[in-house]
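One structure below.
Chain letters run A, B, ... following the sequence lines, proteins first, then strands; residues in each count from 1.
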Amino acid sequence: MVRALLSRARDMLDGIPHRWGSAAIASSSASGHGAEDAVAGYVRMLGAGVRPDAYTFPSLLKAVARGAAAAAEVGGAVHAHVVKFGMESSAHAASSLIVMYAAMGDAAAARALLEACPGATGGAPPPVMWNALISGHNRSGRFDLSCRSFADMVRAGAMATPVTYVSVISACGKGKDLLLGMQVHKRVVGCGMFPDLRVGNALVDMYAECGDMDAALVLFEGMLVRSMASWTSVISGLVRSGQVDRARELFDHMPERDTVAWTVMIDGYVRVGRFREALETFRRMQFCKARADEFTMVSVITACAQLGAQETGEWARIYMGRVGIKMDIFVGNVLIDMYSKCGSIERALDVFGDMHNKDKFTWTAIILGLAVNGRGKEAIDMFYRMLKASLIPDEVTFIGVLTACTHTGLVDKGREFFLCMTEVYNISPTVVHYGCLIDVLGRAGKLKEALHTIDEMPMRPNSTIWGTLLAACRVHGNSVIGELAAERLLELDPDNSTAYILLSNMYAKSNRWKDVQRIRQVIMEKGIKKEPGCSMIEMNGIIHEFLAADRSHPMSKEIYSKLETVLIDLWNAGYVPDVTEVFVEVTEEEKQKVLYWHSEKLAIAFALLTSESNVTIRIVKNLRMCLDCHNAIKLISKLYGRKVIVRDRTRFHHFRHGSCSCKDYW
DNA sequence: CTAGGGTTAG
């Protein structure tokens, strides 16, 4: 095996450095800048006539190993150079080679090199080489191999060092193998290695990673010396177990905080959906003059995406350029998502176009972005371009593609994609995919086929499925299937306010006013409450939140008086309030008031009050937009010549010149 | 060989 590796390596020696230099750079450019720069630097060094020594190869190999499998040829070529310059016997070079092969997924090559390593006393390979093997497997994410290699190491009689334990314990944590982790823990205690900070940290992290926070905390509290990593592991574990507030408490008690600690805390808020606190924490981080990096920015931009905070997201992008944080593929992907979720699909496309490397996340993000922003045909074109670029779509990509079909009314395409997902890509559809398919059929008015599809589903339909069908029945005024869907939906979720609202809308659409009355009665009797509507709007980097009839905003007085003048303008332009979706049983007059104080109307009034007329108004709403607000905003966009984008629970509404991109179909 | 952090949907 080693002989084969070497002969492969020697084959590459011809024409070095020039021919290899350019080929290596070309192939490593696909795997990130680290490897590319390192290889380019190495080639320049050779060109300048400097001979590499024992210190050259470890860093070069490390850079290559960081890259993806695309760098395999480069790895082989660097191996050839190690041999060429007689560095095979350098322990540093040898261990780096083992890490590199294992990290690139070539476990056999790594193992062969290890076997060929003579120990200090001759015979068995020394512990450092085993450590290299385990660490390399960790980097490729093959934690099972890390653990197996550790077992082999023990069997071969090599003496485990603290580094060995750190690596194998880390593998247990990342691979979620708590049982093995506990066994290794016992072993560590047995061999009298404690107290060792690095091993201690690895153990704390392993327990935290495996969700055993009690064990992690007991260990952490028992540590005589702690480092930042000890704290960060515990904070990260608390976040993962949903205890963000406890994590925050610990975070505030840290003696000092570095980039990673801040990032864990910011990301913690993002994970539990507390996006505003994530941004507040980021602001505090800057106030504390802590350095952010690309990891931090991914979490920050994700928070902006969820909040629809485009100004802050844009600022984050510029900030990165200013302070020299590199835009890697993760940042690019999340920027596409952020712009898409802010309704700025053009900017998302700009980012997409500027990205040199695109992975399946990149393509999926742009497909979804185009789809939800109502540009389904382009989304589908992107899907074909993705295939041409040899990327394999996953289950999320298909959600994007099916969503595109829904929004563009491409029924046949929708069915076709649904089939090809299973038949060509071997992805079994989840209930979400069925939801998309039912949406495609329902929106096109094929309600019977949609119902049939539900009957044929391999899994039990959930409330979303019935809700989707019910929504389609409302749009098409089919109260027969609609009633059935509502019935099923209420069986699963008896207090689902949406079911009552949609059912009542449907009756209203087919002029069944008695039934509308009856539904209201039921709502009253059962005391069903609509989930409170909430609208967010960002203005000058500050996020303002409005609930219905909310008076808590500092500018509340001005907002309500602005709203009043806007309403007068609307009435003069022929607006008639539509109370069909109001569910409190009050007088007609009060119903209108309820409507006027809907959260998105308050947000609009606030925006009209505080922004220039050329600024697009962007609102994010937690629920589906109501009929009356939709009418009102259409008119506002015409009367005041404003562009308004509302992102509701399922889609975007781009209002312009009195009409909406959803074509009143939502 | 040497700890801790990141992306898409619902």
- Task: Return yes if a side-chain donor-acceptor contact under 3.5 Å exists between A:Q286 and A:Y319, otherwise no.
- Result: yes

- Query: Any N or O donor-acceptor pair linking the side chain of A:T263 to the base of B:dG5 at under 3.5 Å?
  - Reply: yes

- Hey, is A:E378 close enough to A:R375 for a salt bridge, meaning N to O under 4.0 Å? yes

- May I ask you to evaluate whether A:S135 reaches the phosphate of B:dT2, defined as a side-chain N or O under 4.0 Å from OP1 or OP2? yes

List, with names and distances, any nitrogen or oxygen atoms from the protein found under 3.5 Å away from nitrogen or oxygen atoms belonging to nucleotides 7-9 of chain B.
residue, atom, partner, partner atom, Å
B:dT7, O2, A:N333, ND2, 2.4
B:dA9, OP1, A:K341, NZ, 2.6

- d(CD1, A:I235; P, B:dA3) in whole Å: 18 Å

- Message: Short of 4.0 Å, heavy atom to strand atom, which residues of residues 159-171 of chain A count as contacting DNA chain B?
- Response: A:V163, A:V166, A:S170

- With respect to the phosphate group of B:dG5, does any side-chain polar atom (N or O) of A:R257 fall under 4.0 Å of OP1 or OP2? no

- Note on the structure: Rounded to whole Å, the CG-P distance (A:N201 to B:dG4) equals 9 Å

- Query: B:dA3, B:dC1, B:dG5: which one has an atom nearest the side-chain heavy atoms of A:S236?
  - Reply: B:dG5

- Task: Please determine if A:E277 and A:R248 form a salt bridge, counting it only when a charged side-chain N lies under 4.0 Å from a carboxylate O.
- Result: no

- Message: For a quick check, tell me whether the side chain of A:D258 and the base of B:dG4 share a donor-acceptor pair closer than 3.5 Å.
- Response: yes

- Is a side-chain donor-acceptor pair under 3.5 Å present for A:T296 with A:D293? yes

